Amino acid sequence: MIVAVDGPTASGKGTIARALGAHFGLPVLDTGLLYRAVGYQTQLDHGDPDDADDALAACDFPDSLFDDPALRYESTGSLASRVSIHPAVRRALFQRQVDFANQPGGAVLDGRDIGTVIAPHADAKLFVTATPEERARRRHAEMLGRGVGVTYDAVLADIYARDARDTGRVDAPLRRAADALLLDNTALDRDAGIAAAIAFVEGKVGKRG
Ligand code: DC
């Protein structure tokens, strides 16, 4: 079984993808990490994330980069969003994601274009979202909890910028697949969002795991 979980930044899609993986006993790929690795490697190489050649060269990043805590930084998320615009970068990361999706037994993948491009044949697709203000509120609280000094307004501005770039790009923009469940978790807490996602997938594929 393949489960596709897409949505904008800070929507809670990663939490839902991990919970689905645990519930159904499936491996999970956070595809944003691939773009984050490319963005961060571009910076390490002193390249320009807006330059397609520099970003493509960074697609050769070593797997050890996945262990670098800097991949989780907000600034790396912005770099990822910038390099992800380049079609050559998307092509370079394509097969790795497709192979993960098609592994025996199936998988859960979360990202922006899983249900539309990487696994259009997925058994269940979710598009997880929440209002920009609620996403900013949650992201801000989480960052303060980690000791990162940032204002709510700065977080909200970053979310608007990321949304505009991720939905506005020409190649594989962020959008809901026609057959994806729209899961708006603005008013749902973590457990309610997870329960709704599990119920949807079970309804699609029957009870497993
Ligand atoms: O999910 P995330 O915030 O870690 O993703 C970081 C950026 O990577 C996101 O702003 C756009 C890009 N991305 C993408 O273009 N396609 C994906 N499948 C996943 C992420």
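All residue numbers refer to positions in the sequence shown, counting from 1. What you see is a predicted model; the values in this text were computed from it and never measured. Atoms within each ligand, like the ligands themselves, are counted from 1 in listed order.
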Any N or O of Asp166 closer than 3.5 Å to N or O of ligand 1:
yes

Residue and atom name of the nearest protein heavy atom (relative to atom 16 (N) of ligand 1), distance in Å to one decimal:
Arg90 NH2, 3.1 Å

Students should be able to answer this: which protein heavy-atom is nearest to atom 19 (C) of ligand 1, and at what distance?
Thr31 OG1, 3.4 Å

Who else is in Leu182's hydrophobic cluster (ILVMFWY, side-chain heavy atoms under 4.5 Å, direct or via others)?
Phe127, Leu174

Tell me if the centroids of the rings in Tyr40 and Tyr73 come within less than 6.0 Å of each other.
no

Under the salt bridge (charged side-chain N to carboxylate O under 4.0 Å, His left out) criterion, do Asp158 and Arg165 qualify, and how do the steps go?
CA-CA 11 Å; Asp158 185 59; Arg165 212 182 290 118; over 6 Å; no

Nearest non-hydrogen protein atom, atom 7 (C) of ligand 1:
Ala80 CB, 3.6 Å

Where ligand 1 meets Gly111 - atom numbers and elements under 4.0 angstrom, heavy-atom basis
18 (N), 19 (C)

Residue among Arg138, Lys13, Glu134 satisfying side-chain hydrogen bond (donor to acceptor under 3.5 Å, both in side chains) with Asn185
Arg138

Any side-chain donor near an acceptor of the partner, Thr9 and Arg162, under 3.5 Å
yes

Ligand 1-proximal atoms of Arg169, by part, heavy-atom distance under 4.0 Å:
side chain

Side chain, backbone, both or neither: which part of Arg112 has a heavy atom under 4.0 Å from ligand 1?
both

Atom of Asp123, atom of Met1 and distance for their closest heavy-atom approach
OD2-CA, 3.2 Å

Per the side-chain hydrogen bond (donor to acceptor under 3.5 Å, both in side chains) rule, which among Asp6, Asp166, Thr167 passes with Arg112?
Asp166

Part of Arg36 with heavy atoms under 4.0 Å of ligand 1, whether side chain, backbone, both or neither
side chain

For Ser84, counting its heavy atoms only, list the atoms of ligand 1 lying under 4.0 Å from any of them.
11 (C), 12 (C), 15 (O)

To which protein heavy atom is atom 8 (O) of ligand 1 closest, and what is the distance rounded to 0.1 Å?
Tyr35 CB, 3.4 Å

By side-chain hydrogen bond (donor to acceptor under 3.5 Å, both in side chains) - contacts of Arg169 (at least two apart)
Ser84

Considering only the protein, which heavy-atom contact is closest to atom 3 (O) of ligand 1, and what is its distance?
Arg162 NH2, 2.7 Å

